[in-house]
Peer 1: 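I have a structure here, written as structure tokens, and I will follow up with some questions on it.
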Amino acid sequence: MFPKCQVVTGREVLQDVIMNDRHDDDTFTVWYDGGCPLCLREIALMRRWDRAKRIHFVDLTDPAQACPLDRQLLLDRFHAQQGSVLYDGAAAFAAMWRVIPALRPLGELARLKPVLWVLEAGYRRFLRVRPILQRWLR
């Protein structure tokens with residue numbers, strides 16, 4: 001169902017892809033954990049900011065939704081796809097920000113390898129405390 005993708009991860013930045021991720025295909029897909037209160041708040045905010053409705057949001061808690069990777073991998077880390085490029089972690093956030101005009105400058109800044117590295121390091125730290133934060137918000 002999903003064509004073969006080039007994966008861009010914040011852990012192993014493929015700078016040439018990030019610098020040249022201009023796509024003919026405007027379809028931008030984000031997979032999120034619909035059972036996570038933090039994720040739901042983040043996605044609600046992104047939906048409001050995505051006034052042009054360029055982002056297709058897919059709730060991974062719906063078993064009928066197709067996944068390009070193992071569902072658990074998608075639940076464990078944030079993923080987004082544009083064209084044949086699948087983004088992971090901070091790189092996925094940065095790619096999503098570039099689609100939303102108000103956040104585009106931040107997404108463009110994240111094209112710089114040191115900036116993306118810092119964002120990925122922060123994201124990994126966040127993932128360690130995410131379960132605690134989720135319990136507080138339930």
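Here the structure is a predicted model, which means the values were calculated and not measured. The chain is numbered in sequence order, starting from 1. Quick note: numbers below take in every heavy atom, side chains included, and nothing from hydrogens, waters or symmetry partners.
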Peer 1: Do Leu103 and Met46 come within less than 4.5 Å of each other through their side chains, counting heavy atoms only?
Peer 2: yes

Peer 1: Search all heavy atoms of Ala80 against all heavy atoms of Ala92 and return the closest pair with its distance.
Peer 2: N-CB, 3.8 Å

Peer 1: Taking C-beta and beyond as the side chain, do Thr29 and Val58 meet within less than 4.5 Å on heavy atoms?
Peer 2: yes

Peer 1: Please determine whether residues Leu119 and Leu112 belong to a single hydrophobic cluster, defined as Ile, Leu, Val, Met, Phe, Trp and Tyr linked transitively by side-chain heavy-atom distances below 4.5 Å.
Peer 2: yes

Peer 1: Please answer whether the main-chain N or O of Glu108 pairs with a side-chain N or O of Arg98 as donor and acceptor at a distance below 3.5 Å.
Peer 2: no

Peer 1: Enumerate the residue pairs fulfilling salt bridge (Lys or Arg N to Asp or Glu O under 4.0 Å) with a member in residues 40-51, sequence neighbours excluded, ordered by first and then second residue.
Peer 2: none

Peer 1: Using a strict 4.0 Å threshold on nitrogen-to-oxygen distance, state whether Glu120 and Arg77 make a salt bridge.
Peer 2: yes

Peer 1: Grab the two heavy atoms, one from Pro37 and one from Gly35, that are nearest each other, plus how far apart they are.
Peer 2: CD-O, 3.6 Å

Peer 1: Run through Leu127, Val30, Asp88, Asp33 and flag the one making a side chain to side chain contact (heavy atoms under 4.5 Å, CB included) with Phe78.
Peer 2: Val30

Peer 1: Determine whether Leu73 and Leu75 fall in the same hydrophobic cluster, where Ile, Leu, Val, Met, Phe, Trp and Tyr are linked whenever their side-chain heavy atoms lie under 4.5 Å apart.
Peer 2: no

Peer 1: Would you compute the distance between atom NE2 of His79 and atom CG of Leu69 and round it to the nearest 0.5 angstrom?
Peer 2: 5.5 Å

Peer 1: Quick check for you: to the nearest 0.5 Å, what is the distance between Leu74 atom CG and Leu86 atom CG?
Peer 2: 7.5 Å

Peer 1: Would you give the length of the straight line joining atom OG1 of Thr27 to atom CD of Gln82, rounded to the nearest 0.5 angstrom?
Peer 2: 8.0 Å

Peer 1: To check you understand the geometry: which heavy-atom pair defines the closest contact between Cys67 and Leu60, and what is its length?
Peer 2: SG-CD2, 3.6 Å

Peer 1: Parallel, tilted or perpendicular: which fits the ring planes of Tyr32 and Phe57, with parallel below 30° and perpendicular above 60°?
Peer 2: perpendicular

Peer 1: Within a strict 4.5 Å, meaning less than it, do heavy atoms of the Trp31 and Arg71 side chains meet?
Peer 2: no

Peer 1: Which is it for Leu38 and Phe126 under the side-chain contact (heavy atoms from CB on, under 4.5 Å) test, yes or no, and what are the steps along the way?
Peer 2: CA-CA 11 Å; Leu38 290 169; Phe126 162 76; 3.9 Å; yes

Peer 1: In the structure I gave you, are the side-chain heavy atoms of Arg54 and Met96 within less than 4.5 Å of one another anywhere?
Peer 2: no

